[in-house]
Amino acid sequence: MLSIDVFTSDYKPIASTVQGWDARQRATWPASTATLVHGPREAVLVDALITAKEAHDLTEWIRATGKVLTTVYVTHGHADHFLGLSVVLDAFPDAVAVALPEVVPLAEEQLSGPYLAYWESLFPGGLPDRQVAPRPLTDDVIGVDGHELRPVRVGQSDTDPSSVVHVPDLDAVVGGDVAYNGIHMWLAQTDRAARSRWQRALDLVEGLRPQRLVAGHQHPGADETDVAGMIAASRRYLTDFDAAVEAGGGAADVIRAMTAAHGERGNPYTLYVSATSQYPAETADGSR
Ligand SMILES: [Zn+2]
């Protein structure tokens, strides 16, 4: 029998990197999850967070289960899902870190000078001292005590390529950044075409018919079992964002419209970055 346990790291203060963000509002990084799928003896971790502190806390949490960590699977190449890897692997030196082969070059890119400098600027002094990228997964499945975890390619989420992990024995999906649960979605690297491909990724997750969907970014305590609601809300967020951009105003209008429709979601800073990224020549107060 398998079980799933989810470690949620809360919203974290960051140094804002975009001009025009209201300095009276604290810029934060969204709450993030790392998920342990475990049997009687073995465990597999999906994603590994970003700061040294949360990776240490995650490591203690895994250790407390008494399970043997065999594998860390990284869903996509964004640093906030794997910079904590070195801390986890130092604690569990027999574990291997893997990702889909096409994800590995993106993960490696995040560890290169300018990218790593960006992450360091968000979390000054907060990242682990050493960085490692996942290695290419060579198999279609990851075993846990004789059960199967199936990485599934989904293409575009908040980056492309992305994947999710299907756990058929539990009717569960560990969803990376395909669906967000109660948190603004990171659209900064998307255009309309990418957001349309993202809808197809949601189709793929829906097609797996999970009873439980763990989002890579979910509000602490969020319900993971209202899968239909989570997918529908994620779809609506994408189409509302398209409509807000196409309405022809500027970033401030997009922020207003999205806040009116989705203001209950956590991490407004994400919306700010998503909106301003659509208007590279403008700041959110409308000045150019
Ligand atoms: Zn993410």
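The figures here come from the full heavy-atom set of this structure, side chains too, leaving out hydrogens, waters and symmetry mates. Just follow the structure's listing: the first ligand is 1, and inside any ligand the first atom is 1. Counting from 1, the numbers follow the sequence of the chain as shown.
- The nearest N, O or S atom of His217 is closer to the Zn ion (ligand 1) than 2.8 Å.
- Contact check on Asp203 versus Arg200 returns no salt bridge, with no Lys/Arg side-chain nitrogen under 4.0 Å from an Asp/Glu carboxylate oxygen.
- Rounding to 10 degrees gives 90° for the angle at the Zn ion (ligand 1) between NE2 of His81 and OD2 of Asp80.
- Annotation: Tyr269 is not in aromatic contact with His184 [ring centroid separation under 6.0 Å not met].
- For Asp177, the nearest N, O or S atom to the Zn ion (ligand 1) falls under 2.8 Å.
- Between the side chains of Asn267 and His217, not a single donor N or O lies within less than 3.5 Å of an accepting N or O.
- Between Phe7 and Trp61, the ring-plane angle classifies as perpendicular under the 30° and 60° cut-offs.
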